[in-house]
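Contents: one structure, followed by commentary.
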Amino acid sequence: MPVVRLSQAFVPTLKEAPADAQVASHKLLVRAGFIRQLGAGIYDYLPLAKRTLTKIEAIVREEMDAIGGQEFFLPALHPAEIWKESGRWEVMGDNMFRLKDRKGGDYCLGMTHEEIFTAVARDELRSYRQLPQVWYQIQTKFRDEPRPKSGLLRVRQFTMKDAYSFDVDRAGLDKSYEDQRRAYERIFTRCGLDFVAVQAHSGAMGGSESSEFMVRTDAGEDLVAACPKCRYAANTETASSRLPAEQDGAGLAKPEKFATPGVVTIESLAAPPYGVAAKRQLKTLVYVGDEKLYVAVVRGDQELNEAKLQTATGAQVLRPAHAEEIPPLMGARAGSLGAVGFSKVHVFVDPSLADRKDMVTGANEDGFHLRGVDVRRDVLTGPHAKLAELRTVRAGEGCPRCDGTLDVFKALEIGHIFKLGTKYSESMKATVLDADGKAVPIVMGSYGIGVERIMAAAIELHHDENGIRWPLSIAPFQATVLTLGPEPELKQAADEIVKALSDAGLEVLHDDREERAGVKFKDADLVGIPLRIAVGKKGLAEGKVEWKLRGDKTVELVPVGEVARRAVERVRAGS
RNA sequence: CGGGGAGUGGCUCAGCCUGGUAGAGCACUUGGUUCGGGACCAAGGGGUCGCAGGUUCAAAUCCUGUCUCCCCGACCA
């Protein structure tokens, strides 16, 4: 293996982290000389980062190839037409980078490649005999994130391994999906990540089922609900929970209007003189999904989860209604809304409310509420009103699968796999002939991994106050040798050890700079290479050098002649 | 998009309120002394103070506009 000499290498370490870095991985990647920022959510990957990313990609490739994946490399620049075929030219909205060519034609930078791979499949696949196919690439993706943040965790240009499976039927898809799921587990495990696979929301991808691979860290932006007792784990965008039963009174024969001047919040109705507990109130919200209005009802103390409402409505794009859109529909302004007797648009009601009686809600008349509302009798009055999971689960609520209690924690999404079904093959007319000679749409799956996120997640999980502690598998180098002084005998001994390690097949970073020992130790800790060999006068006098693993506190003296053998053993053993 | 903050040498920041010579630490260059956990001394190099207007005898500093970056929220495979 070639050796990299730090005196010649470009590894610009910093004593101080940039002021705008918040999370550990961002600070350390910058300080340790891995990345520099070019713009909001756009980063330069310097040589150390490139080495680690290449290693991650190699692991991904091996595991993709092991399940029969075939690597492609498709364009990042796409004509608009192909995105218009699937309908996602509109769906992606401002999140898509768009541009025009010199002739005025519309183009975009790829956010993902379902359309492009599906086009290849449509144009070339003819028979079920050619299936299944598993195709993948490692490609740059572009997403105009509204708010890039946290270093490499949320960016506008990043590398994704995206894979697509093409099967003739659902059973084939189930197997392809399972293959990917297992490959993902191997990939993340090999990269040194603790992760959980969770049930997820499919969002703009569409499809029937999806799982996210999550790393538990406060640097993440997703919330996962998990049961410590059984295996249940789900993104809060889809998680459900058991709520304790509420005791309702008999209520009234029909809802009764009462005056509540100026009361437009759950809190003020809960306060004297009204004293209606938030749990006894119905919160009525108006949303706009794909230009259509929807009403959603959750309990007063609960929070609507927009991803769940999106699932319920089937809308591609969902947003809260603007204040001025509400009165023409409801007859009252936000704060006095209710769904009693309301059937102008679809009404979605959280299932936990189905059997509740004696509830209080807005009267759809400014300044009035209704009491004695029986949800089934007064709200679920026809086909316009449907039960749908809407509320955001909270820590401490019951597990939906067992009698355990849910834990809710922040997590970072590093991979997401989807059963797409025929969404793209139908819209883009990708069919094959089945065994009966009938044209059937190809059944697809889509599988993504964020390469930089693996790197950043590894740091979030493995670092200390001195720097990064790379898992061996993705460290930029496996070993670093420090020459602790200018003496010729030290240089000579270090050179020999470096050569021995390198000849033994290790990737070695040799700190041969004319720096003081302290500087070298600090930088070595910062950069985080797993094995550190320090060649100093004291040890060398006895024919020994210092052996230290980045994760350990102890330093061991090892005879010069044994270093290479031990290092090889260590690397073979992993970590 | 709403709210907040910040743009001054490569990095971290002071100076701005109260206009008048552009500063510190780190980094860099040279020389010397050091040499096992981010050394010390000395001498240097390096800044259109984000950009554009305006006010003024005079603008890093005051005013207007604009761009960029960061944070919170909204939003988001």
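We name chains A, B, ... by the order of the sequence lines, and we start the count at 1 in each one. All heavy atoms count here, side chains included; hydrogens, waters and symmetry mates do not.
Atom P of nucleotide B:G50 and atom CG of A:D20 are separated by 17 Å, given to the nearest angstrom. Per the geometry, CD belonging to A:E145 stands 15 Å off P belonging to B:A74, to the nearest Å. One can place CG of A:D144 at 11 Å from P of B:C1, the figure rounded to the nearest angstrom. Between A:E221 atom CD and B:A74 atom P there is a gap of 11 Å when expressed in whole angstrom units. We find that CZ of A:R31 is positioned 14 Å from C1' of B:A27, with the value rounded to whole Å. Rounded to whole Å, the distance from CZ on A:R36 to C1' on B:A27 is 12 Å. Taking atom CG of A:D523 as the reference point, atom C1' of B:C26 lies 14 Å away to the nearest angstrom. Per the geometry, CG belonging to A:D94 stands 10 Å off C1' belonging to B:C75, to the nearest Å.
B:G19 and B:G5 are spaced 23 Å apart, taking the P atom of each and rounding to whole Å. Spacing between B:A52 and B:G37 at atom P, rounded to whole Å, works out to 49 Å. Here the separation of B:C17 from B:A6, taken at their P atoms, is 15 Å to the nearest Å. Comparing the same atom, C1', in B:C62 and in B:C70 gives a spacing of 26 Å after rounding to whole Å. Comparing the same atom, P, in B:G36 and in B:G31 gives a spacing of 22 Å after rounding to whole Å. Atom name C1', nucleotides B:C63 and B:G25: the rounded distance is 34 Å, in whole Å. The P atoms of B:G3 and B:A74 are separated by 15 Å, rounded to the nearest whole Å.
The partner of B:G44 is B:C28, by the rule that a Watson-Crick or G-U pair needs both atom distances under 3.5 Å. Nucleotide B:A6: paired with B:U68 (Watson-Crick or G-U wobble, both distances less than 3.5 Å). Of the nucleotides present, none pairs with B:U55 by Watson-Crick or G-U wobble criteria with both distances under 3.5 Å. Across all strands shown, B:G73 forms a Watson-Crick or G-U wobble pair, both distances under 3.5 Å, with B:C1. Pairing for B:U18 is absent, judged as Watson-Crick or G-U wobble with the two contacts each under 3.5 Å.
No hydrogens or angles considered: a donor-acceptor pair under 3.5 Å links the side chains of A:H113 and A:K141.
Within 6.0 Å of atom CZ in A:R333, 12 or fewer heavy atoms from other residues, nucleotides or ligands are found, so the atom counts as exposed in its surroundings.
For A:Q22, the side-chain atoms get nearest to B:C71 when compared with the rest of B:C26, B:C71, B:C69. Ranking B:C75, B:G38, B:C69 by closeness to the A:L526 side chain, first place goes to B:G38. Set against B:A74, B:G38, B:U12, the side chain of A:P146 has B:A74 as its closest nucleotide. When the nucleotides B:C70, B:G38, B:A74 are ranked by their closest atom to the side chain of A:T13, B:G38 comes out on top.
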Output a table of nitrogen or oxygen pairs between the protein and nucleotides 4-6 of chain B separated by less than 3.5 Å.
none

Which protein N or O atoms sit under 3.5 Å from an N or O of nucleotides 35-37 of chain B?
from: B:G36; atom 1: O6; to: A:K537; atom 2: N; distance (Å): 3.4
from: B:G36; atom 1: N1; to: A:E546; atom 2: OE2; distance (Å): 2.3
from: B:G36; atom 1: N2; to: A:E546; atom 2: OE1; distance (Å): 2.6
from: B:G36; atom 1: N2; to: A:E546; atom 2: OE2; distance (Å): 2.2
from: B:G37; atom 1: O6; to: A:R532; atom 2: NH1; distance (Å): 3.0
from: B:G37; atom 1: O6; to: A:R532; atom 2: NH2; distance (Å): 3.2
from: B:G37; atom 1: N1; to: A:D525; atom 2: OD2; distance (Å): 3.1
from: B:G37; atom 1: N2; to: A:D525; atom 2: OD2; distance (Å): 2.2

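For the pair A:K419 and A:Y177, the cation-pi test (distance below 6.0 Å, angle within 45°) is passed. A cation-pi contact, defined as under 6.0 Å to the ring centre and within 45° of the axis, is absent between A:R98 and A:W83.
Within 4.0 Å of A:S150, counting heavy atoms only, lie sugar-phosphate atoms of the nucleic acid but no base atom. At the heavy-atom level, A:A17 lies under 4.0 Å from the strands shown only through sugar-phosphate atoms.
An OP1 or OP2 oxygen of B:U68 is reached within less than 4.0 angstrom by no side-chain nitrogen or oxygen of A:Q37.
For the ring pair (Phe, Tyr, Trp, His ring centres under 6.0 Å) test, no residue two or more places apart in sequence or in another chain qualifies with A:Y447. With sequence neighbours excluded, the residues forming a side-chain contact (heavy atoms from CB on, under 4.5 Å) with A:P146 are A:N95, listed by chain and number.
A:E303 has no carboxylate O lying under 4.0 Å from a charged side-chain N of A:R391, or vice versa, which leaves the two without a salt bridge. A salt bridge between A:R186 and A:E63 is present, with a side-chain N of the basic residue lying under 4.0 Å from a carboxylate O of the acidic one. Classification of A:R181 and A:E178 as a salt-bridged pair holds, one side-chain N sitting under 4.0 Å from a carboxylate O.
Legend: side chain to side chain donor-acceptor pair (under 3.5 Å) pairs involving residues 543-554 of chain A, not counting sequence neighbours, sorted by first then second residue: A:D464-A:R550.
Side-chain atoms of A:S425 never come within 3.5 Å of backbone atoms of A:P441 as a donor-acceptor pair (strictly under, hydrogens ignored).
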Pairs under 3.5 angstrom only: tabulate donor-acceptor contacts from the side chains of residues 476-495 of chain A to other protein residues two or more places apart or in another chain.
from: A:Q478; atom 1: OE1; to: A:E507; atom 2: N; distance (Å): 3.0
from: A:T480; atom 1: OG1; to: A:L509; atom 2: O; distance (Å): 2.9
from: A:T483; atom 1: OG1; to: A:H510; atom 2: NE2; distance (Å): 2.7
from: A:E487; atom 1: OE2; to: A:K537; atom 2: NZ; distance (Å): 3.3
from: A:Q492; atom 1: NE2; to: A:E496; atom 2: OE2; distance (Å): 3.3

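Mapping A:M111 and A:Y43 onto RNA chain B by nearest heavy atom places A:Y43 at the nucleotide closer to the 5' end. Mapping A:E306 and A:K520 onto RNA chain B by nearest heavy atom places A:K520 closer to the 5' end of the strand.
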